[in-house]
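Below, chains carry the letters A, B, ... as their sequence lines are ordered, and counting in each starts from 1.
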2 protein chains.
Amino acid sequence: MNVRTLCLGTLNFGDATGYEIKKMVEEGMFNHFIEASYGSIYPALTRMADDDLVTCREEAQEGKPDKKVYSITAKGRSELASALQGTPKPDKFKSEFLFVMLLADILPADHIAAVYGQRIEDLRIELAQMKSCADTGSHPGGQFVVGYGIAIIEAAIGYLEESRIGITTDRTTETETAGTVATAAE
Amino acid sequence: MNVRTLCLGTLNFGDATGYEIKKMVEEGMFNHFIEASYGSIYPALTRMADDDLVTCREEAQEGKPDKKVYSITAKGRSELASALQGTPKPDKFKSEFLFVMLLADILPADHIAAVYGQRIEDLRIELAQMKSCADTGSHPGGQFVVGYGIAIIEAAIGYLEESRIGITTDRTTETETAGTVATAAE
DNA sequence: TTGAGTATATATCAGATCTATATATCCCGC
DNA sequence: GCGGGATATATAGATCTGATATATACTCAA
């Protein structure tokens, strides 16, 4: 899926500026499973206005820069629907954390332990955010998506906690000792 | 993390060609949480050879194209370790599926139902692959990473199955009817 | 048997996308 | 009163993906 489709999808929920679209994928409804940068959003909106998929009205603001508020057109809506037909591509998951864990034996054990602990903490914060998000009602599809996110994060936290004993420090006194990751079963 | 670090990480497990590195992220040990294309791997290897982070030996093959087998150097190993110090960036997750679910109300209900069913099936296949991967021992870090993947996929399948009743078709006889996604709780 | 499709293997280019930076104003806290 | 964050748009450069090209061999079905 490209930025164009993404922008059309967000505009389907109401008019927005490029800035607001970015906030929606960063903090709002689309958070945690969609990403896009200003560097792709702004040019996409400009081009889509040329193609009549969206309209743009400029709103002057005092003290703040002018806003360009975009609205999806009928043509844009049909483009969106057509882009969404067919089977969606498989989810993409990228994890530097798992990459580090796979290479744990070339890194200091205390670093691995710190990273591991930090990760659990970060996931707990993310979970709390999602749960507070679920409270604020939003709309049914949003409930479903937030629920999905909560299920995943909870599973990740659960796994990391039960595997924690697998993160071992070998021979505590050696300085050059490297960390080792092993499953709890071992 | 960039392709260079990724390549160094794979080469840390043994010499490999660009083709083999791609297979490692597509089907092998790094599967499901790392991605890279030939278009980035090959140039990265060439440049890293110039920078003495890897060495390259060419192996002529009969019937097949020549191989360029890369090995990580001491300098490469220290570059890798240095790239891996510090806190790894948060995981990235991208899901067209969830995007579609969020926009379910503008799409035909039967399409949503089909996509939903297909997704459960795809996840089951992925889970089976991962479990067979876990059997083949590999190395301790690999066990941990595969276990993480299994935990996540199982959670996703569980959530989709228990929320299935939330996927409703309103007013079955209407043709223009759109699908609606709701949580099981509703 | 022949042709399509898959696997091995490297390489490159166009296009899409990200990162970082620039510009401008205002509000908040210290 | 000054740095930092929020609001808001924009762009250049670096990076990466996706598609395509090249070349050979093997397998499977028509």
Side-chain angles (χ1 to χ4, degrees), chain A residues 1-11 15-28 30 33-51 54 56-70 83 89-94 96 99, chain B residues 1-11 15-28 30 33-51 54 56-70 83 89-94 96 99:
Chain A
M1 197 188 42
N2 55 20
V3 215
R4 284 164 74 94
T5 307
L6 158 60
C7 289
L8 290 173
T10 63
L11 292 176
D15 299 351
T17 65
Y19 186 79
E20 283 162 354
I21 291 174
K22 172 72 173 159
K23 291 298 152 202
M24 282 170 91
V25 304
E26 217 171 62
E27 305 160 16
F30 296 83
F33 65 95
I34 290 288
E35 282 180 52
S37 65
Y38 290 124
S40 61
I41 291 169
Y42 284 120
L45 288 171
T46 306
R47 268 195 54 202
M48 289 202 293
D50 293 340
D51 298 347
V54 299
C56 173
R57 64 171 191 279
E58 283 188 64
E59 279 182 18
Q61 296 192 120
E62 278 180 59
K64 292 174 194 173
D66 289 359
K67 266 186 184 180
K68 288 189 178 177
V69 182
Y70 292 89
K89 278 184 238 148
D91 293 349
K92 281 185 188 178
F93 176 66
K94 287 197 188 187
E96 276 191 29
F99 187 78
Chain B
M1 196 187 42
N2 56 18
V3 217
R4 284 165 74 95
T5 308
L6 158 58
C7 289
L8 290 173
T10 64
L11 291 177
D15 298 353
T17 65
Y19 185 79
E20 285 162 353
I21 291 174
K22 172 71 172 159
K23 293 297 154 202
M24 282 169 91
V25 305
E26 217 170 63
E27 306 159 15
F30 296 83
F33 65 95
I34 289 288
E35 282 180 54
S37 65
Y38 290 124
S40 62
I41 291 170
Y42 284 119
L45 288 172
T46 306
R47 266 195 55 203
M48 289 201 294
D50 292 341
D51 297 347
V54 298
C56 172
R57 65 170 189 279
E58 283 189 62
E59 278 181 19
Q61 296 191 121
E62 278 180 58
K64 292 175 193 171
D66 290 359
K67 267 186 182 178
K68 288 189 180 177
V69 183
Y70 292 89
K89 279 182 237 152
D91 294 349
K92 281 183 188 179
F93 176 66
K94 288 196 187 189
E96 276 192 27
F99 187 78

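- Residues B:E20 and A:M1 both approach DNA chain C. Their nearest nucleotides, taken by heavy-atom distance, put B:E20 toward the 5′ side.
- Regarding B:E58, its CD atom lies at a distance of 14 Å from the P atom of C:dA9, rounded to whole Å.
- Taken from CD1 in B:I41 to OG1 in B:T46, the straight-line distance is 11.5 Å, to the nearest 0.5 Å.
- Under the side-chain hydrogen bond (donor to acceptor under 3.5 Å, both in side chains) criterion, B:E59 pairs with B:R57, sequence neighbours left out.
- Put simply, B:Q61 has a side-chain N or O that comes within less than 4.0 Å of OP1 or OP2 on C:dA9.
- Separating the NZ atom in B:K94 from the NZ atom in A:K89 is a distance of 9.5 Å, to the nearest 0.5 Å.
- In this entry the distance linking CG of B:N2 with P of D:dG13 reads 21 Å, nearest Å.
- The salt bridge (Lys or Arg N to Asp or Glu O under 4.0 Å) test applied to B:D66 returns no partner, not counting sequence neighbours.
- Close to C:dT10, at under 4.0 Å from its OP1 or OP2, lies a side-chain N or O of B:Y42.
- Per the geometry, CG belonging to A:D66 stands 9 Å off C1' belonging to D:dA8, to the nearest Å.
- Applying the 4.0 Å criterion to OP1 and OP2 of C:dT10, one finds that B:Y19 has every side-chain N and O outside that range.
- Here B:K23 pairs with B:Y19, B:E26, B:E27, B:Y38 under the side-chain contact (heavy atoms from CB on, under 4.5 Å) rule; sequence neighbours left out.
- Counting to the nearest Å, the P atom of C:dA9 and the CG atom of B:D15 are 14 Å from each other.
- The bend of the helix from C:dT1-D:dA30 to C:dC30-D:dG1, defined by the angle between the axes of its first five and last five pairs, stands at 40° to the nearest 10°.
- Distances shorter than 4.0 Å separate some side-chain N or O of A:K68 from OP1 or OP2 on D:dA10.
- Judged by distance alone, with hydrogens and angles left aside, the side-chain atoms of A:K22 form no donor-acceptor pair with the main-chain N or O of A:S37 at under 3.5 Å.
- Taking the six-membered ring for Trp, A:F30 and B:F99 have ring centres closer than 6.0 Å.
- Qualifying side-chain hydrogen bond (donor to acceptor under 3.5 Å, both in side chains) partners for B:S40, counting only residues two or more places apart in sequence or in other chains: none.
- If you take NZ of A:K22 and C1' of D:dA6, they are 15 Å apart, rounded to a whole angstrom.
- If you take NZ of A:K67 and P of C:dT25, they are 18 Å apart, rounded to a whole angstrom.
- Atom P of nucleotide D:dA8 and atom CD1 of A:I21 are separated by 13 Å, given to the nearest angstrom.
- The structure places CD1 of B:I21 at 12.5 Å from CD1 of B:I34, a figure rounded to the nearest 0.5 Å.
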Between the protein and nucleotides 17-19 of chain D, are there any N/O to N/O pairs under 3.5 Å, and if so, what are the atom names and distances?
unit_1 : atom_1 : unit_2 : atom_2 : d
D:dT17 : OP2    : B:S37  : N      : 3.1
D:dT17 : OP2    : B:S37  : OG     : 3.1
D:dT17 : OP2    : B:S40  : OG     : 3.0

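- Contact annotation: B:T17 side-chain N/O to C:dT10 OP1/OP2 distance is under 4.0 Å.
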